[in-house]
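Read through the structure below, which is laid out as structure tokens, and then see the notes.
All values below come from the heavy atoms of this structure, side chains included, with hydrogens, waters and symmetry mates left out. Quick caveat: nothing in here was measured; it's all calculated off a predicted structure.
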Protein chains: 2
Amino acid sequence: MVRKNRKVISRLSRYKNALNRFQSLGFVKIFSDYLAEAVGVTSSQVRKDFSLFGIHGNKRGGYQIDALLERLNEILGKNELQRVILVGAGNLGSALIKYKNFEKDGVKIVAAFDIDPAKHGDRDSIPVLPLDDMQRFIAEQGIKTAILAVPDVAAQPILDRLTSCGIKGVLNFAPIQLKAEGRCVVNHVNLELELENLIYFVNAMEKTGDTGLGN
Amino acid sequence: MVRKNRKVISRLSRYKNALNRFQSLGFVKIFSDYLAEAVGVTSSQVRKDFSLFGIHGNKRGGYQIDALLERLNEILGKNELQRVILVGAGNLGSALIKYKNFEKDGVKIVAAFDIDPAKHGDRDSIPVLPLDDMQRFIAEQGIKTAILAVPDVAAQPILDRLTSCGIKGVLNFAPIQLKAEGRCVVNHVNLELELENLIYFVNAMEKTGDTGLGN
DNA sequence: TAGATTGTTAATCGATTAACAATC
DNA sequence: TAGATTGTTAATCGATTAACAATC
């Protein structure tokens, strides 16, 4: 089987999002070039990505949107509720607890964990528990995915603890390179970095009148 | 001049973060392979990235951390406070207002804007203003960068409005492909997508016993 | 000096795109 | 059928890495 990388999977998500919009506009089928245009890639890329997952359209007929969405949702695990835990109920963690938008996408934060006893208790109907309860909770609830929103220095030790508890995927918000032992995937989100990146190009543009990005 | 892409700039940020940690541990100079190790890239990559920006070390002596940080901070615009506005004070927008961590990185949200009058007023000492005040505010304050946290359907029209107001960079949180007219850079952050991506690999691992990522 | 590290060039790798035969 | 679109292969492109001469 062909190895799938993060970029391909991200594009599948974007295809899915675009298709949902097309569907709600009443479209029934779509050609690769329309979908490509909506997502900002080439039509070759769309067809290539689909064929990688054995998704086939009709020559001359394009792709049936409902069947296509069904398949993408299946691949992306959208057919069942995905339960995740949150570690770190500080500044960012609290914001993520408040941010209820994950639920409309089939992802539910079922509990949060923090060392600080002052943080314990319910928040927006999500329980914030002591770190020591984590292992038991993960085992009992069969949790596989965690969101990591702890300070830099705590990130690596907590990750080690999570992997030893059997966590298989971590979305890390700490601005630090983590080493995951065992079979655990770590994805990174770094808001400060994204903003810093943007500001670089804004400033570069001020100086040269060009983004330097060549779009 | 060589074109710089987003990935190179992101690595500069990561070098900077790692160097700050090394510095606070008392290190004075560093070799490319140590820095590479800390950031998770090859030493060739580190040296190549630096040479792209005319940053030179000492053969056999490595790089002086303070001089290196000075230069990276200059490139990334960290030497002056970067003022940004936030558009959309809904679910995510409010979370971003509360999330004060940008400030330690020299980025300040100076105002937020929202169509909904119920949202107007101060929140966590940041003014939430009517959308109609936006143009004047941007002009008067010389704002160049905006964070976009509005619903999907509103994202493109608001982006058009922002670019016509002279905004040069937008960090977009709406899960939709935007077309920026004129000289404006758009960076995307999509938390749902990142989580979806992670969950794909977690599920793939469950089935095959392998992440399929080949790290 | 001998040894180690930089800076840069060339080789490699992988992802994207173009092209086009198959076919509805 | 003629025309248009898919599916796939080959070509291209760009980014990463290896290698090594320069040199401290």
Starting at [atom1] of [X] and ending at [atom2] of [N], how long is that distance when rounded to a whole Å?
X: A:Gln64; N: D:dT5; atom1: CD; atom2: P; value: 16 Å
X: B:Lys29; N: D:dC24; atom1: NZ; atom2: C1'; value: 11 Å
X: B:Asp49; N: C:dT8; atom1: CG; atom2: P; value: 13 Å
X: A:Ile55; N: D:dG7; atom1: CD1; atom2: P; value: 10 Å
X: B:Arg6; N: D:dG14; atom1: CZ; atom2: C1'; value: 16 Å
X: B:Arg60; N: C:dG7; atom1: CZ; atom2: P; value: 15 Å
X: A:Leu52; N: C:dT16; atom1: CG; atom2: C1'; value: 13 Å
X: A:Tyr63; N: D:dT5; atom1: OH; atom2: P; value: 12 Å

Any side-chain N or O of [X] under 4.0 Å from OP1/OP2 of [N]?
X: A:Lys48; N: D:dT6; result: no
X: A:Asn5; N: C:dA15; result: yes
X: B:His56; N: C:dT6; result: no
X: B:Asn58; N: D:dT23; result: no
X: A:Ser44; N: C:dA18; result: no

Checklist entry - Are A:Phe102 and A:Tyr99 an aromatic pair by the rule of ring centers under 6.0 Å? => result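 Distance test on ring centres: under 6.0 Å, yes.
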Item to check | Pairwise 5' ranking along DNA chain D for A:Gly61 and A:Ser51, keeping only the more 5' one | outcome: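 Checking each residue's closest nucleotide, the 5'-ward one belongs to A:Gly61.
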Checklist entry - Between A:Arg47 and A:Arg11, which has a closest nucleotide on DNA chain C that is more 5'? => result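 On the 5' side of the pair lies A:Arg11.
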Next on the checklist: I need the minimum non-hydrogen distance between A:Leu193 and B:Ser10, along with the two atoms involved.
Outcome noted: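 The answer is CD2-OG, 3.6 Å.
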Item to check | Listed nucleotide nearest any side-chain atom of B:Gln45, set D:dT16, C:dG3, C:dG7 | outcome: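 Within the option list, the nearest is D:dT16.
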Item to check | Partner nucleotide of C:dA21 by Watson-Crick or wobble geometry (both distances under 3.5 Å) | outcome: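 D:dT6 is the nucleotide pairing with C:dA21.
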Next on the checklist: Partner lookup for D:dA11, please. Criteria are Watson-Crick or G-U wobble with both distances under 3.5 angstrom; report none if nothing qualifies.
Outcome noted: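 Pair assignment: D:dA11 / C:dT16.
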Do [X] and [Y] get their side chains close enough for a donor-acceptor pair, meaning under 3.5 Å?
X: B:Gln156; Y: B:Asp160; answer: yes
X: B:Asn197; Y: A:Arg6; answer: no
X: B:Asn101; Y: A:Asn91; answer: yes

Checklist entry - Looking across every strand, which nucleic acid part, if any, lies under 4.0 Å from A:Ser32 by heavy atom: base, sugar-phosphate, or nothing? => result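 Sugar-phosphate contact only.
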Next on the checklist: Any base atoms under 4.0 Å from A:Thr42, or only sugar-phosphate, or nothing? Heavy atoms, all strands.
Outcome noted: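 Counting heavy atoms under 4.0 Å across all strands, the contact made by A:Thr42 is with sugar-phosphate only.
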Checklist entry - With distance as the sole criterion, do the side chain of B:Lys59 and the base of C:dT5 form a donor-acceptor contact below 3.5 Å? => result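 Per atom types, no contact qualifies.
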Next on the checklist: With ring-ring contact (aromatic ring centres under 6.0 Å, His included) as the test, pick out the partner of A:Phe22 among A:Tyr63, A:Phe27, A:Tyr34.
Outcome noted: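 Per the ring-ring contact (aromatic ring centres under 6.0 Å, His included) rule, the option paired with A:Phe22 is A:Phe27, out of A:Tyr63, A:Phe27, A:Tyr34.
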